[in-house]
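One structure is given here, and the rest of the page talks about it.
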There are 2 protein chains.
Amino acid sequence: MIRVVIADDHRLLLEGLSQALDSLPDISVVATAEDGASLLEQVRTTSPDVLLVDIEMPDIDGIEALRRLGGAPPAVVVTMHAGEDQRRRAIEADARGFLSKSSPLPDLAAAVRAVAAGENLMDVDDLGSVLDHHRQPVLDEGAAALTEREREVLRLLAAGVTSTDELADRLFISGKTVKNHLASIYEKLAITDRAQAAVEAIRLGLHHPD
Amino acid sequence: MIRVVIADDHRLLLEGLSQALDSLPDISVVATAEDGASLLEQVRTTSPDVLLVDIEMPDIDGIEALRRLGGAPPAVVVTMHAGEDQRRRAIEADARGFLSKSSPLPDLAAAVRAVAAGENLMDVDDLGSVLDHHRQPVLDEGAAALTEREREVLRLLAAGVTSTDELADRLFISGKTVKNHLASIYEKLAITDRAQAAVEAIRLGLHHPD
DNA sequence: CGATATATGGGTCTGTCGGCCTATTGGCAC
DNA sequence: GTGCCAATAGGCCGACAGACCCATATATCG
């Protein structure tokens, strides 16, 4: 689980991103900050794995905050105006990633994962392909071992299709096979019943088709 | 269910807000737009109940887009710089709500609900108290009828506590009572088992304590 | 005061779920 | 080709879940 702290003075963006990232199965937003000072404080108390910092903030701006942290937790810088100027300042402040606020959300998630894995996105020339390597959430052992058919069963569970018969109908297989799939899901996710499977399915983001 | 279209050229905000609002049980984001032209198109094809529009957008800005729509679906205007100037322009474009991007997310949700209910937030002098009236999600009949104890059961289900015995232990009641609570939950939510109850619990936002 | 709602508890019964074992087919890898 | 895995399917059984009946105490409301 990648523990992230987000700093941005615009609360709509702060809280929106926070919820969106938190909903990913491998990312946990442990704190948020609306200014640089609060960011420094949160980093001290929560010791996160990655920082997500807006440049434009009152008092201590994102760059200054990162400078004071000395590149300790690796940081992804987000900015409204992604010019060369800002980019240079980000590099000087030891940022590992640099994204415009016009980037799509999956890119941000990928950047967080890349930086958490120790990569430095400021060096690379082909940002897109590096991010591509980190598009998939880092799932825990069990979840990664799920087969495609098992994921389909989980998707249906998350959609409220819970009885063996209806699952069988939707998947065009026998009830016995449904139970077999469920049994291997239980084993892989270390759970015991459909209710827990439904919870896991939603946590893994299987409810809306990727 | 309040059907919303969101327009903002900063995709991180657009997608973040979209996910956050969509996760509320009474709000559904049916489309998003990155510019005014696309907004006009989405409004035509999806006929939403409420618009959420950023002022600052390339080509056709939010104000101009609203003007062209003639106040048809009521709109909440969101802006980076919430000055008197912007506010006047929003009023002239027939906006029903006006929020800064520094507002907290629950305020945005409350504004969307208020506007969907026909209120005009531009008139009121005490915005806070009007929003307070719309803090709670507009739950459907069944979900609103849930008792406090029933919500606790749902919370535990969403946390993966699914067996009768463990539920009984956590709630300090007998297994029989757990089953009684579940039975009335099934009736109120028109569902049939714990797996569906877990799905509903998460959909209703019962997994993280309010 | 009487009615209603909530939380608690019980009993019974049927159906289904989950655990365990086996089996066949097809694909893919070494 | 031999082995492994995914997907399919069946049987068996014990345990639990859900439906349907009930009772009691407390509290709130008109």
Side-chain angles (χ1 to χ4, degrees), chain A residues 136 139-204 206 209-210, chain B residues 136 139-204 206 209-210:
Chain A
Q136 294 304 315
L139 298 173
D140 49 61
E141 210 180 328
L146 291 169
T147 70
E148 200 42 54
R149 207 58 166 152
E150 286 158 4
R151 285 174 208 275
E152 287 180 51
V153 173
L154 286 172
R155 262 186 276 276
L156 286 173
L157 277 181
V161 181
T162 57
S163 81
T164 303
D165 284 347
E166 206 177 339
L167 285 167
D169 283 353
R170 300 292 200 91
L171 295 169
F172 306 107
I173 56 181
S174 83
K176 305 294 176 183
T177 307
V178 168
K179 294 175 120 195
N180 286 338
H181 287 316
L182 283 169
S184 61
I185 288 170
Y186 298 157
E187 197 191 351
K188 288 176 182 174
L189 300 183
I191 56 181
T192 60
D193 56 49
R194 309 174 184 222
Q196 291 179 352
V199 172
E200 280 302 293
I202 295 173
R203 191 181 70 83
L204 293 172
L206 263 34
D210 300 55
Chain B
Q136 293 305 315
L139 297 175
D140 50 62
E141 211 180 328
L146 291 170
T147 70
E148 199 43 52
R149 206 59 167 154
E150 286 158 3
R151 285 174 208 277
E152 287 180 51
V153 173
L154 286 172
R155 261 186 276 276
L156 287 173
L157 277 181
V161 180
T162 57
S163 81
T164 302
D165 284 349
E166 207 179 339
L167 285 167
D169 283 352
R170 300 290 199 93
L171 295 169
F172 306 106
I173 56 182
S174 83
K176 307 292 177 183
T177 306
V178 169
K179 293 176 123 196
N180 285 340
H181 287 316
L182 283 170
S184 60
I185 288 170
Y186 297 157
E187 197 191 351
K188 288 176 182 175
L189 300 183
I191 56 180
T192 60
D193 56 49
R194 314 176 177 217
Q196 291 179 353
V199 173
E200 279 303 292
I202 296 173
R203 191 181 71 84
L204 293 171
L206 263 35
D210 301 52

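Letters go in sequence order (proteins before strands), and every chain restarts at 1.
- When the side-chain nitrogen and oxygen atoms of B/T147 are compared with OP1 and OP2 of C/dA7, one or more of them lie within a distance under 4.0 Å.
- Rounded to a whole Å, the CD atom of A/E150 is 13 Å from the C1' atom of D/dT8.
- In this structure, B/R149 places its CZ atom 13 Å from C1' of C/dG9, rounding to the nearest Å.
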side-chain contact (heavy atoms from CB on, under 4.5 Å) assessment of B/D169 paired with B/V161: CA-CA 10 Å; B/D169 283 352; B/V161 180; over 6 Å; no
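- Residues from residues 177-195 of chain A that place a heavy atom under 4.0 Å from any atom of DNA chain D, listed by number: A/T177, A/N180, A/H181.
- Residue A/T164 places at least one side-chain N or O under 4.0 Å from the OP1 or OP2 atom of C/dC17.
- Distance NZ (A/K176) to C1' (C/dG19): 13 Å, rounded to an integer number of Å.
- The shortest distance between side-chain heavy atoms of B/H181 and B/I173 falls below 4.5 Å.
- B/A168 and B/S174 get closest at one heavy-atom pair: CB-C, 3.9 Å.
- Nucleotide D/dG10 holds its P atom 11 Å from the CD1 atom of A/I173, rounded to whole Å.
- Side-chain contact between B/L167 and B/R194 is present, with at least one heavy-atom pair separated by less than 4.5 Å.
- In this structure, CG of A/D165 is placed 7 Å from P of C/dC17, rounded to the nearest angstrom.
- A salt bridge links B/E152 with B/R149: the distance from a Lys NZ or Arg NE/NH1/NH2 to an Asp or Glu carboxylate oxygen falls below 4.0 Å.
- Distance B/E148 CD to D/dA27 C1': 16 Å, rounded to the nearest Å.
- Going from atom CG of A/L146 over to atom P of D/dC5 covers 16 Å, rounded to whole Å.
- Between B/L154 and B/E200 there is no side-chain heavy-atom pair separated by less than 4.5 Å.
- Between B/V178 and B/R170 there is no side-chain heavy-atom pair separated by less than 4.5 Å.
- Atom CG in A/L167 sits about 14 Å away from atom P in C/dT16, given to the nearest Å.
- OP1 and OP2 of D/dC16 both lie 4.0 Å or more from every side-chain N or O belonging to B/S163.
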